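Note sheet for the following structure.
Sequence positions, counted from 1, serve as the residue numbers for this chain. Given the structure is predicted, the values throughout are model-derived calculations rather than measurements.
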Amino acid sequence: MLSISGLSSASKITLLNAKYMAHHLSGHYNLQFKNDNGHVAHRLLIDPAKFDKAAGTKVTDFAKRLQVRLTFLAYLNRAMSIT
């Protein structure tokens, strides 16, 4: 189990991850449950319904492509911070 400081740290990281992903994906996908300022909470929900109809893909294809894209973005961020 997490201590109080561990839980606080995990919560901050969760919020940061959701905001990071929302920032990079908001121009490409329909994000659900944003507040009036366009920010997401600790979870990021993407509605692929419109995208699936337009592209003719299944939800599993969407998830695989998204995972590859996010992995690539994380790799680029790490590579840029090293140099």
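Counting heavy atoms from C-beta outward, Lys64 and Val68 have side chains that stay 4.5 Å or more apart.
The number of heavy-atom neighbours closer than 6.0 Å to CG of Leu76, taken from other residues, nucleotides and ligands shown, is above 12.
Taken from NZ in Lys19 to OG1 in Thr14, the straight-line distance is 12.0 Å, to the nearest 0.5 Å. With rounding to the nearest 0.5 angstrom, the CD1 atom of Ile13 is 9.5 Å from the OG atom of Ser8.
Residues passing the ring-ring contact (aromatic ring centres under 6.0 Å, His included) test with His24, sequence neighbours excluded: Tyr20.
The backbone N or O of Ser5 lies less than 3.5 Å from no partner atom in the side chain of Ser9, so there is not a single donor-acceptor pair.
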